[in-house]
There are 2 protein chains.
Amino acid sequence: MATKNQASGGVSRQVLADHVYEALLGALMDGRLEAGTPVSIDGMARELDVSPTPVREALARLEATGMVRRMALRGYRVAPLFSPEELADLMDARLVIEPANAFMACKHADQQLTGRLQQAIEDLKAAPRGPSFAEFRAYWEADERFHRMIAESANNQFLLSAYNALGGQVQRFRFFGGLGVTDADYAIAEHTEILKAFEAGDAELARQKMIDHIEGVKQRSQHDSEVRN
Amino acid sequence: MATKNQASGGVSRQVLADHVYEALLGALMDGRLEAGTPVSIDGMARELDVSPTPVREALARLEATGMVRRMALRGYRVAPLFSPEELADLMDARLVIEPANAFMACKHADQQLTGRLQQAIEDLKAAPRGPSFAEFRAYWEADERFHRMIAESANNQFLLSAYNALGGQVQRFRFFGGLGVTDADYAIAEHTEILKAFEAGDAELARQKMIDHIEGVKQRSQHDSEVRN
DNA sequence: ACAGCATAGATCCTATAGGAAATGCGATTC
DNA sequence: GAATCGCATTTCCTATAGGATCTATGCTGT
């Protein structure tokens, strides 16, 4: 067997299925796997030079994120892109969850959190805004990090699960992948407003600023999808 | 396998992994698998008389629901029961999501929905309230159905995903399994209030009544956990 | 030329085998 | 008596094989 486990890294304890999961996630995020494309278990196993078993397990996990869909006895395929209506629904769902996250996170915000939020904003400013996936990915990573830190700081594992379940954070990336960053200036300004509320320790204000931000994202995304069509 | 019985109905073809998933779910809900106990892949395969491969896939799906935890190279184990603090967190999360569901569901409620909600309440009244798992399960099923119908009627796949992600609906069942139904009268009254709001088409009232209901569940559950200790 | 059927290939699904790691237990030593 | 080491068993993890089903291509008949 060619299980040449490279004893290099300290925590090299990773199961092959985890590797496959990461590889598939990367392929989905980079757009190498387009929406609607079938994902063959055997084919992916050949491509990654592993057996079908780990691929099967990785796909079962991916299905929970909504990035792939499974039809019994007919295999997996990449989930379709969002329609403008679905995108609006996603924003409505974010409007339910994220303001609550902001409110609760603000209640026990400390210097460390505000510092990291500041850093995320700085990274957002510095990120390139080109249309290529690699460029866009840096921008998206900083944006996602800002929101995720707030969700984690709400200190409620269930709200965090709900946030993760939206999962569309990733789908959203795929949706705008071909369009590039169009609203960076707005997003940076709105993020800064949220950060200010955190620094002031005003939880109610933080909630409102998060609402304003997501409302803004919703409106701008709808405008963008109209432009595209 | 001679599974070519198509005369029996539409669901003739089911994958073994689905069967294993259902079996594990049932074992978890009935309390046959207690919190913290390890779930051996090979052992479960022997018990269900299948190969480890479908068991592995079913467990990968179950992990996403939070009912089992996985440690790489060390197998799966049943997730621990909730502490009173975690239970309070779960109720806080429900307070974020479910009132929003009620509000949106009420906006396009029809005769069919209110009829089904009424039926769920009737089932709740008729359900036995004994301490055994089988009895409690009927009660829990009617309760869960009431909330799930509202979540589905909100017509937003992302909010529904968030609701599913709470998943603790099932965990909650396990938590109270040993305690029996203690607040049926309150729950029935509160459900009825929600239904009335739906019938009146008052979305804002539906939201408020859902808040009242979950607040009530939260307080009563905390009281119960104190009694238990 | 077009419809229908048969065959071939691909794919999914499950079972089995075997290597690698972890756990449990007993013996040994201080 | 307690701690540590080594061996055996259990368990996880991956690979491979084969049966069943779906898809596609080519052929035949009208």
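Chain letters run A, B, ... following the sequence lines, proteins first and then strands; every chain starts at 1. Predicted model only: the values in this text are computed from it and were never measured.
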Round to a whole Å and report the spacing from CG of B:L16 to P of D:dG19.
17 Å
Does atom CZ of B:R145 have more than 12 heavy-atom neighbours, drawn from other residues, nucleotides or ligands, at distances under 6.0 Å?
yes
Does A:H108, at its NE2 atom, have more than 12 non-hydrogen atoms belonging to other residues, nucleotides or ligands within less than 6.0 Å?
yes
Yes or no on side chain to side chain contact (heavy atoms under 4.5 Å, CB included) for B:D92 and B:K218, after CA distance, side-chain angles and deciding distance?
CA-CA 8 Å; B:D92 288 340; B:K218 179 179 177 181; 2.7 Å; yes
Between D:dT14, C:dT16, C:dA21, spot the one nearest the side chain of B:L73, thanks.
C:dA21
Between C1' of C:dA15 and CG of B:L48, the distance in whole Å
15 Å
Decide yes or no for B:E63 and B:R69: does some side-chain heavy atom of the first lie under 4.5 Å from some side-chain heavy atom of the second?
no
How about B:F158 and B:Y163: are their ring centroids closer than 6.0 Å?
no
The ring-ring contact (aromatic ring centres under 6.0 Å, His included) partners of B:F146 (sequence neighbours excluded) come to B:H191
Are more than 12 heavy atoms from other residues, nucleotides or ligands located less than 6.0 Å from atom CG of A:D49?
no
For DNA chain D, find the residues of residues 38-47 of chain B with a heavy-atom distance under 4.0 Å and give them by number; none if there aren't any.
B:V39, B:S40, B:I41, B:D42, B:R46
So how far is it from A:D89 CG to B:Q157 CD, rounded to the nearest 0.5 Å?
7.0 Å
OP1 or OP2 of D:dA15 sitting under 4.0 Å from any side-chain N/O of A:S51?
yes
Close residues, residues 17-27 of chain B, relative to DNA chain C [heavy-atom separation under 4.0 Å]:
B:A17
Looking at B:R74, does any N or O in its side chain come under 4.0 Å of the phosphate oxygens OP1/OP2 on C:dT23?
yes
Rounded interatomic separation in angstrom, taking OH from B:Y76 and P from D:dC12
10 Å
Output the single nucleotide from C:dA15, D:dC13, D:dA15 whose closest atom is nearest the side chain of A:V50.
D:dA15
If I take atom CD in residue A:E57 and atom P in nucleotide D:dC13, what distance separates them, rounded to the nearest angstrom?
7 Å
State, with a plain yes or no, whether a side-chain heavy atom of A:F103 is found less than 4.5 Å away from one of A:I150.
no
Rounded to whole angstrom units, what separation is found between the CZ atom of A:R56 and the P atom of C:dT11?
13 Å
